[in-house]
Every structure is written in C-alpha cells, then in structure tokens.
Number of protein chains: 2
Amino acid sequence: MLEAEIYKALGDPIRLEILQRLSTRSAYTIGELSANLGVSRQGARKQLQVLVQANVVHLAQNGRETLVTLDTTALQLARSFIARIESQWEQRLEALKNFVEE
Amino acid sequence: MLEAEIYKALGDPIRLEILQRLSTRSAYTIGELSANLGVSRQGARKQLQVLVQANVVHLAQNGRETLVTLDTTALQLARSFIARIESQWEQRLEALKNFVEE
DNA sequence: CCTATATGCAACTATTTGGTTGCATGTTGT
DNA sequence: ACAACATGCAACCAAATAGTTGCATATAGG
C-alpha cells in the first residue's frame, strides 16, 4: 500500500488548510501561505514541505520569494483509490442482497 | 479542518491493507484481519483501533469473537472533500485561461 | 549602499505513533 | 470440566512528528 503517503500528507488540519487556500488562488508565496495558520513561519514551512514531498504542491523560486502551486494529480489518485474501496464494498452489499433474496 | 482525522487514519499501509481486505468480504473477525499483516496480533489490533476511532469500520461482539465491518460514510466525505478542492482548482484554471484569452 | 524582506538551515524538545511482550479473561467444543 | 481459542489490557521502547528558537543569506527597493 504505497498510496498511504498522500493520505498521511492530508492528515493534518494545518496542511488541509494550506490546500484549501491554494485551491482558491492561482499562486501564493510561502510567506503568504504561512501567515495566520496558528504556528510560526518555520512551523508552517515544515507542514508545507510535507505537501511538497507528497507531490501535492510544487515550489518555484522567483527572486527572493518562492511561489507555491497546487498539483491535483496526486489528489485524483487518492480520490479514485477511495472510490475503488467504496465500489467494491457496494458490490459486496449487492451480492449479499441477491443471496438473501433467492 | 476537522476532516483531517479520516485522512490520518488512511495514512498508513497496514490500515489501507485492512480496508482493502474489508472491502472484498462482508465481515472479518479481528483475528482473521490481523493475520499476515507483517506485525503481531496486538500491533494489528492497534491499527484497527485507529480505523474504529475514525469511524471507518465498526466492531460487533459475537460470542468470543468480534466482527469487523466497513462503513463507507466517512470515506465518502473524505472523497468529496478532495473533489471539492480539485474542482475549485479547476475553476481557478478556467478563470486564468479566460483572462489570458481576452 | 543599506535596510528591510523572504526565505533557508540546524538544534533542540515534547508528544504521538507503531510496534513489542506478557498476562488476564471470557467463550467454545469435546 | 477443561483445554484451546479469540480477544483485551498495560507497560514499555524506538522512531517519527510537530513545534519552537536562533542565526544565516540572498534579493529588492529607496
């Protein structure tokens, strides 16, 4: 189960908040993103790094600032993995229902 | 971001494996589930407990054994939260595209 | 040029997590 | 009744995580 990494990255309120923000604006600088998260700039930076490692966001240097952008491909995979578990479960329920009815 | 809990629960290979298994059979006992996960029974039990806390699985006592079943409602929420982030991002891209074109 | 800004890096600490072992307890089948 | 089975609970440990502070460094703007 290599997929665990992405969920781990999503499993923190600060990181989710960062993603939330990123989804509503095309690009943030690290500084902007790190503000008002309830932790220090370096604390926020560490959380951001977790998202970078999980390939959910990308960084691009621009002079003295760094731009952060969202990359939804990992999110799509995460979503479809959950969807697969759900659908297998649905199939199971269906099979059980048929068995009871016959 | 209260939603973090569910992703945290999914963020571990052993727990994902447990969910995978649960999705393909209507019910497992704790003992069955705990086997062949590469950790001790009690180790596996701890991981299972994380899934219980996150409300992804339910336990039901049955004599000396305990049945484990999947509950997909939390998974659905997790999936739709990701979907929302993705779609907001898509909207952003769309807006940016329109801006460039005009 | 010089100051303010945006950021990075390292050391350190407390807490949480993932795992173990050992032992206790209720349940079942013979 | 009793042995085997399914499970729970607690103590313990190592490693990972979340956060801090302090200091360094490069870039931008007046």
Side-chain angles (χ1 to χ4, degrees), chain A residues 1-22 25-70 74 78, chain B residues 1-22 25-70 74 78:
Chain A
M1 282 320 65
L2 237 152
E3 299 90 331
E5 215 50 31
I6 175 74
Y7 298 117
K8 207 169 181 177
L10 298 182
D12 177 276
I14 292 184
R15 295 195 290 264
L16 281 188
E17 174 65 30
I18 291 178
L19 286 187
Q20 189 89 271
R21 292 187 188 181
L22 278 172
R25 251 179 62 185
S26 23
Y28 274 86
T29 68
I30 291 187
E32 289 168 334
L33 259 191
S34 304
N36 302 105
L37 284 176
V39 292
S40 68
R41 176 180 63 83
Q42 293 87 338
R45 182 58 177 86
K46 274 196 173 184
Q47 300 301 336
L48 182 58
Q49 190 58 28
V50 175
L51 295 173
V52 171
Q53 296 290 21
N55 259 284
V56 189
V57 304
H58 291 149
L59 303 183
Q61 197 78 16
N62 186 281
R64 71 175 157 182
E65 59 191 14
T66 303
L67 276 343
V68 188
T69 53
L70 191 59
Chain B
M1 281 321 66
L2 236 151
E3 299 89 332
E5 215 50 32
I6 175 75
Y7 299 117
K8 206 169 183 180
L10 298 182
D12 177 276
I14 291 185
R15 294 195 290 265
L16 282 188
E17 173 66 29
I18 290 177
L19 287 187
Q20 189 90 270
R21 292 187 189 181
L22 277 173
R25 250 180 60 184
S26 24
Y28 275 85
T29 68
I30 291 186
E32 288 168 334
L33 260 190
S34 304
N36 302 104
L37 285 176
V39 292
S40 68
R41 175 180 64 84
Q42 292 88 338
R45 182 59 176 86
K46 273 196 173 185
Q47 300 301 335
L48 182 59
Q49 189 58 29
V50 174
L51 295 173
V52 171
Q53 295 290 20
N55 259 283
V56 190
V57 303
H58 291 148
L59 303 183
Q61 196 78 16
N62 186 283
R64 70 175 158 184
E65 59 192 14
T66 303
L67 276 344
V68 187
T69 53
L70 192 59

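So that the names make sense, note that chain A is the first sequence line, chain B the second, and so on, each numbered from 1. Since this is a predicted model, take the numbers as computed values, not measurements.
- Across the helix from C:dC1-D:dG30 to C:dT30-D:dA1, the helix axis at one end is tilted relative to the axis at the other end by 30° (nearest 10 degrees, each axis from five pairs).
- Here the shortest heavy-atom pairing between A:I6 and A:A74 reads CD1-CB, 3.9 Å.
- Each of B:Q47, B:Q42, B:Q49 was checked for a side chain to side chain donor-acceptor pair (under 3.5 Å) with B:R45, and the lone residue meeting it is B:Q49.
- What separates OH of B:Y28 from P of D:dT7 is a distance of 14 Å, to the nearest Å.
- Between the A:Y7 side chain and the A:A78 main chain, a donor and an acceptor come within less than 3.5 Å of each other.
- Contacts with DNA chain D (heavy atom under 4.0 Å) in residues 32-54 of chain B: B:R41, B:Q42, B:R45, listed by number.
- Distance, A:Q61 CD to D:dA26 C1': 9 Å, rounded to whole Å.
- Between B:T29 and A:K8, the residue anchored nearer the 5' end of DNA chain D, judged by the nucleotide with its closest heavy atom, is B:T29.
- Annotation: side chain of B:L70 is in contact with side chain of B:V56 (closest heavy-atom distance under 4.5 Å).
- At a non-hydrogen distance threshold of 4.0 Å, nothing from residues 12-21 of chain A comes into contact with DNA chain C.
- The minimum heavy-atom distance between A:A54 and A:A9, with the atom names listed, is CB-CB, 3.5 Å.
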Please report the C-alpha distance between A:L10 and A:L16 in whole Å, then the side-chain angles of each, then the deciding distance to 0.1 Å, and finally whether the side chain to side chain contact (heavy atoms under 4.5 Å, CB included) criterion is met. CA-CA 6 Å; A:L10 298 182; A:L16 281 188; 4.2 Å; yes
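- Closest approach of A:L37 and A:L33 over heavy atoms only: CD1-O, 3.2 Å.
- Smallest separation of non-hydrogen atoms from B:M1 and A:E17: CG-N, 3.5 Å.
- A donor-acceptor contact shorter than 3.5 Å links the side chain of A:R15 to the backbone of A:K8.
- Side-chain contact between A:T29 and A:V68 is absent, with no heavy atoms from C-beta onward closer than 4.5 Å.
- Inter-residue side-chain proximity for A:N36 and A:R21 is flagged as met; some heavy-atom pair is nearer than 4.5 Å.
- In this structure, CD of B:E65 is placed 13 Å from C1' of C:dG29, rounded to the nearest angstrom.
- Atoms CZ (B:R64) and P (C:dT27) sit 11 Å apart, rounded to a whole Å.
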